[in-house]
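Heads up: the structure comes next, in structure tokens.
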Amino acid sequence: MAEILVLYYSRGGSVARLARQIARGIGEVPGMSARLRTVPPVAAVTQTSAPPVPDDGAPYVEISDLAECDGIVLGSPTRFGNMAAPVKHFLDGLGAEWVNGTLAGKPAAVFTSTASMHGGQESTLLSMQIPLLHHGCLIVGIPFTEPALSHTTTGGTPYGASHVAGAQDDPQPSDDEAHLARVLGRRVADIAKRLAQ
Ligand SMILES: Cc1cc2nc3c(=O)[nH]c(=O)nc-3n(C[C@H](O)[C@H](O)[C@H](O)COP(=O)(O)O)c2cc1C
């Protein structure tokens with residue numbers, strides 16, 4: 001059984017719910033399963049840091065997860081049109097893995113959630129792909145052969161999976177958002193499996 005790392009940060013639960021849909025899609029590929037992990041929040045020196053393990057949800061990521069998995073799907077809420085600081089903080093600590101090519105040649109995809117429809121989903125997704133390209137990942141998107149990509153009135157983009165949480169910050173993905181998240185997970189798992197053959 002090969003694994004795909006689904007690594008995300010989520011404060012309000014929207015990105016976490018998309019992560020679970022992506023994990024479902026990964027699990028639909030025979031022989032593939034998802035390893036769900038989160039990054040810890042970051043704190044200024046004047047604040048207390050997070051507990052060593054999260055109170056609930058997915059465990060914190062360990063560096064060994066990157067080497068042990070055959071692909072990665074990275075998720076973050078949109079913060080001012082970009083990824084959240086905890087995700088960037090984790091990525092900025094991967095100098096040794098960059099030198100060693102730990103992620104080189106592995107398929108990678110991204111996902112996000114915003115409050116508003118045009119609040120920066122695509123800029124967030126594209127900016128999250130940049131460090132993955134530096135690591136030598138093979139970026140996987142969602143093709144327009146997926147009909148939901150053309151008719152969605154909520155989230156879901158060719159650059160990655162997404163959710164529009166709205167002004168009330170509703171974490172529940174729409175049917176199209178959930179479907180496209182599963183499609184993305186399935187594609188990453190399928191490509192990782194083919195690359196391993
Ligand atoms: C500091 C901050 C900045 C944000 N910036 C944006 C933004 O640029 N565009 C947007 O649509 N939503 C923005 N949001 C809203 C979050 O992206 C949105 O609530 C998201 O669904 C949260 O995901 P989560 O529930 O997984 O934490 C921001 C929220 C915070 C706290």
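Read the numbers this way: they start at 1 and go in the same order the structure lists the ligands and their atoms.
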Exactly one of Gln21, Arg17, His163 clears side chain to side chain donor-acceptor pair (under 3.5 Å) with Glu177, and that residue is His163

Taking atom types as modelled, find out whether Ser116 and Thr114 have a side-chain donor-acceptor pair closer than 3.5 angstrom. no

With Thr102 as partner, the option from Glu68, Glu97, His135 fulfilling side-chain contact (heavy atoms from CB on, under 4.5 Å) is Glu97

Output for ligand 1, non-hydrogen cut-off under 4.0 Å, lists Ser10, Arg11, Gly12, Gly13, Ser14, Val15, Pro77, Thr78, Arg79, Phe80, Gly81, Ser113, Thr114, Ala115, Ser116, Gly119, Ala165, Asp169

Residue pairs meeting side-chain hydrogen bond (donor to acceptor under 3.5 Å, both in side chains), one or both in residues 81-94, sequence neighbours left out, come to Asn82-Ser127, Lys88-Asp92

Would you say NE2 of His118 has more than 12 non-hydrogen atoms from neighbouring residues, nucleotides or ligands within 6.0 angstrom? no

NZ/NE/NH1/NH2 to OD/OE distance under 4.0 Å, Lys106 and Asp70
no

